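Worksheet for the structure shown next.
The figures here come from the full heavy-atom set of this structure, side chains too, leaving out hydrogens, waters and symmetry mates. Position 1 is the first residue of the sequence; numbering continues from there. Values in this document were obtained by computation on a predicted structure and should not be read as measured data.
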Amino acid sequence: GNDLEWEPFCSWLKEAACKYECVIYVPGNHDRMFSGVRDLRYIEEARPANVLINRTLSYKGYTFLGSPVMRALDDNPRAYYWSDDLRRIFWENLWAINHQIVITHAPMYGTLDLARGENLGCEYLGRHVSRRQPLLHIHGHIHQAYGWEYSNKTYSVNAALCNLETEPVNPPWLINI
């Protein structure tokens, strides 16, 4: 989204946060309003929802790790497109952080990431999930790969609601933990 879209979305987030005990939002590649110092303003405006940008949140004995970081899929400037080196360093340095649930915008490589006949996920995120074996990895980004898989002790859910035309055609997920 952009600045004009943020206000109605933020209102919706706040409504959801009033209905549910814990609401977590991880921005994505179209969320250009989250850029550097401006992140703080938008994070504050979203409260009581929890905006996770490369940080953790503890809730009911679980630690959630949220990250919007992803590999660039094209040459267009997008939010959170990071180079190979930055993504590798980022995911390697998270090894010591204890977390049971990972929420990212983009998928890990090889799991619910197939589009246009190729895997578009992040290989460094994949290595991280493979080593850490969290209970759950939730992501979106690859609209064509909506669904879930279980592998290596981790449930992976691609929760992308929209199709390629950005029409909301997939039902949302309700995950009880």
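Atom CG of residue Asn158 and atom CG of residue Asp113 lie 9.0 Å apart, to the nearest 0.5 angstrom. Rounded to the nearest 0.5 Å, atoms CZ (Phe64) and CD1 (Ile101) are 3.5 Å apart. Rounding to the nearest 0.5 angstrom, the gap separating the OG atom in Ser151 from the CE atom in Met108 is 7.0 Å. With rounding to the nearest 0.5 angstrom, the CD1 atom of Ile97 is 9.0 Å from the CZ atom of Arg132. The line from CZ of Arg131 to CG of Leu94 is 9.5 Å long, rounded to the nearest 0.5 Å. The CZ atom of Arg71 sits 8.0 Å away from the SG atom of Cys122 when rounded to the nearest 0.5 Å.
In this structure the side chain of Ile142 reaches within 4.5 angstrom of the side chain of Gln144, judged on heavy atoms. In this structure, Ile175 and Tyr155 have side chains that are not in contact, with every pair of non-hydrogen atoms separated by 4.5 Å or more. In this structure the side chain of Leu136 reaches within 4.5 angstrom of the side chain of Val157, judged on heavy atoms. No side-chain heavy atom of Asn50 sits under 4.5 Å from any side-chain heavy atom of Val23. Side-chain contact check for His139 versus Pro107: some heavy-atom pair is nearer than 4.5 Å.
Within the 3.5 Å criterion, the main-chain N or O of Glu7 finds a donor-acceptor partner in the side chain of Ser11.
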Inset, instruction - Begin with the C-alpha distance, continue with both residues' side-chain angles, and end with the deciding distance and a verdict on side chain to side chain contact (heavy atoms under 4.5 Å, CB included) for Leu57 and Cys22. - result: CA-CA 10 Å; Leu57 168 76; Cys22 182; 3.9 Å; yes
Inset, instruction - Test Glu21 against Lys60 for side chain to side chain contact (heavy atoms under 4.5 Å, CB included), laying out the working first. - result: CA-CA 10 Å; Glu21 285 181 51; Lys60 290 194 173 184; 3.1 Å; yes
Inset, instruction - Please assess Leu52 against Leu65 for the test side chain to side chain contact (heavy atoms under 4.5 Å, CB included), listing each intermediate value before the final yes or no. - result: CA-CA 7 Å; Leu52 298 187; Leu65 169 67; over 6 Å; no
Inset, instruction - Apply side chain to side chain contact (heavy atoms under 4.5 Å, CB included) to the pair Cys162 and Glu167, showing each step before the final yes or no. - result: CA-CA 5 Å; Cys162 295; Glu167 300 165 326; 5.9 Å; no
Inset, instruction - Determine, step by step, whether Asn98 and Thr63 satisfy the side chain to side chain donor-acceptor pair (under 3.5 Å) criterion, reporting the C-alpha distance in whole Å, the side-chain angles of both residues, the deciding distance to 0.1 Å, and the verdict. - result: CA-CA 7 Å; Asn98 184 31; Thr63 301; 5.3 Å; no
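Every residue two or more places apart in sequence or in another chain was checked for a salt bridge (Lys or Arg N to Asp or Glu O under 4.0 Å) with Arg55, and none qualifies.
In terms of heavy atoms, Thr154 sits closest to His137 at CG2-N, 4.0 Å. The minimum heavy-atom distance between Gly147 and Leu112, with the atom names listed, is O-CD1, 3.5 Å. Contact between Pro68 and Pro27 at its shortest, heavy atoms only, is CB-O, 3.1 Å. When all heavy atoms are compared, the tightest approach of Gln100 to Pro134 is O-CB, 3.2 Å. In terms of heavy atoms, Gly110 sits closest to Asn119 at CA-ND2, 3.6 Å. The shortest non-hydrogen separation linking Ala46 to Val51 is CB-CG2, 3.7 Å.
The hydrophobic clustering, which links ILVMFWY residues whose side-chain heavy atoms are closer than 4.5 Å, places Tyr20 and Trp12 together. The cluster map of Ile, Leu, Val, Met, Phe, Trp and Tyr, joined by side-chain heavy atoms under 4.5 Å apart, puts Leu125 and Trp82 in the same cluster. Grouping the Ile, Leu, Val, Met, Phe, Trp and Tyr side chains by contacts below 4.5 angstrom, directly or via other members, places Leu120 with Tyr81. Under the 4.5 Å side-chain heavy-atom criterion for ILVMFWY residues, no single connected hydrophobic cluster contains both Leu161 and Phe9. If you chain together hydrophobic residues whose side chains sit under 4.5 Å apart, Tyr150 and Ile138 fall into the same group.
Taking the six-membered ring for Trp and the full ring otherwise, the centers of Tyr146 and Trp173 sit less than 6.0 Å from each other.
Residue pairs satisfying the ring pair (Phe, Tyr, Trp, His ring centres under 6.0 Å) criterion with at least one member in residues 99-131, sequence neighbours excluded, are listed as follows: Trp91-His128, His99-His128, His105-His141.
Under 4.0 Å is where a charged nitrogen must lie from a carboxylate oxygen, and between Arg88 and Glu92 at least one such pair does.
No option in Ile53, Val26, Thr104 other than Ile53 meets the side chain to side chain contact (heavy atoms under 4.5 Å, CB included) test with Tyr80.
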